[in-house]
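For reference, the structure is listed below as structure tokens.
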There are 2 protein chains.
Amino acid sequence: MRLSTKSRYGLRALFDMAYNAGNLPIQVKEISRRQNISPRYLEQIFQRFKKAGILKSKKGPQGGYFLAKRPEEITVQAVMEAAEGDTLLVACTCDNTGEGELCELDGNCVTQQVWKEAADLLHDYFSGLNLKTLCERGQALGLKRESNHKFMYYI
Amino acid sequence: MRLSTKSRYGLRALFDMAYNAGNLPIQVKEISRRQNISPRYLEQIFQRFKKAGILKSKKGPQGGYFLAKRPEEITVQAVMEAAEGDTLLVACTCDNTGEGELCELDGNCVTQQVWKEAADLLHDYFSGLNLKTLCERGQALGLKRESNHKFMYYI
DNA sequence: GTAGTTCCTGAGTTTGTTTGTCAAGTTTAT
DNA sequence: ATAAACTTGACAAACAAACTCAGGAACTAC
């Protein structure tokens, strides 16, 4: 039950954007440098976020990605769903490959309840968190913002 | 974030044992038939449970696996840890491959908090459930027990 | 038209799942 | 006692899926 890197990297990257960039387009290159994530891989993750309506993009110089909504409108739950794709939070409603019926027939699926309740637990928790929440936490922790980073290297 | 089949199959199998077999040794073959799980794979999972002190085994005819403790002493949490091995519940305390320090340096790990809290949530939930709990649930659902199943095929 | 980006497709590597083979131990029947 | 049948135990090969990364095409600003 490992959390995929898509979620971990993805959330870290989005937090980074909300915390450091605000609304401005920022390049994958920048984020990957700050967060130490493979740029190419991060691009893929961002594609998912784009399809999910979390990010928008702009090509060309001065281009990059930027948040499609306000930070408080982007929940961690939405990020998870976009990143993991299958939207299976904990994974099993006992229908892995159409074996769902069999589970019902057997009736032996108390475990299904367990996974369902666990998934709900996570769902509720993740739904209560959004990028704004995370930014506030970051500020509470005293995390440094790397603002105007673009210009630092041009002088 | 998919729950590995080791956990799903494993818990289902253990529940099956507690519910149907009681203390008697039961064969992998039987469980895999009832639960529709690949027998060889289930054996591997049971080896983990054996090492974790959840199951014991007996070879030869009339042999099989049986619970090493009473059902109420086997928590779902313990099953998860035994099945998943790495004991990583949600996976990331940000030290995937010794990159932990880097996360601290960056200080950009608000996400670490999030995963930690989510993991704790699951840990608490799973620790509150055990095989006896599940059996009671099964009974409440009116699941049929397949008792004396051995003899049914010998007449 | 040139440089800086995102976007699309694919390939290599790892991990998870399944199946196969044979050895070791136990019970039962002869 | 001895053989036969049954069951776990250990190892490894085959198969599938997912993770990770790379190359080049498409687009946009200047």
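The analysis underlying the following values was restricted to heavy atoms, covering all of them including side chains, and did not include hydrogens, waters or symmetry mates. Note on naming: letters A, B, ... go to the chains in the order of the sequence lines (proteins, then strands), and numbering restarts at 1 for each one.
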What N/O pairs connect the protein and nucleotides 27-30 of chain D at under 3.5 Å? Give each pair on its own line.
unit_1, atom_1, unit_2, atom_2, d
D/dC27, O4', A/Lys59, NZ, 3.4

Exercise. Would you please confirm or rule out a distance under 4.0 Å between OP1 or OP2 of D/dT8 and any side-chain N or O of B/Lys50?
Key: no

Practice problem: Check ring pair (Phe, Tyr, Trp, His ring centres under 6.0 Å) between A/Phe49 and all other residues, then give those that pass, not counting sequence neighbours. | Solution: none

Quiz item: Can you find a side chain N or O atom of A/Ser57 that sits less than 4.0 Å from OP1 or OP2 on C/dT5?
Solution: no

Self-check item: Any donor-acceptor N or O pair under 3.5 Å, side chains B/Ser127, B/Asp124
Solution: no

Practice problem: Can you tell me the distance, in whole Å, between the CG atom of B/Leu3 and the C1' atom of D/dA17? | Solution: 16 Å

Practice problem: Verify the contact: side-chain N or O of A/Lys56 to OP1 or OP2 of C/dT6, cut-off strictly under 4.0 Å; return yes or no. | Solution: no

Quiz prompt | Residues A/Gln113 and A/Glu117: side-chain donor-acceptor under 3.5 angstrom | solution = no

Quiz item: Do B/Gln35 and B/Tyr9 have side-chain atoms, one donor and one acceptor, less than 3.5 Å apart?
Solution: no

Quiz item: From the list D/dT8, C/dT6, C/dT17, which nucleotide is the closest neighbour of the side chain of A/Gln27?
Solution: C/dT6

Atom pairs, N/O to N/O, protein against nucleotides 19-22 of chain C, distance under 3.5 Å?
unit_1, atom_1, unit_2, atom_2, d
C/dT19, OP2, B/Ser38, OG, 3.1
C/dT19, O4, B/Gln44, NE2, 3.1
C/dT21, O4, B/Arg40, NH1, 2.5

Quiz item: A/Gln47 has a side chain; which of C/dC7, D/dG9, C/dT18 sits nearest to it?
Solution: C/dC7

Practice problem: For B/Phe46, answer base if it contacts any base atom (sugar-phosphate contacts may also be present), sugar-phosphate if it contacts only those atoms, and nothing otherwise; contact means non-hydrogen atoms under 4.0 Å. | Solution: nothing

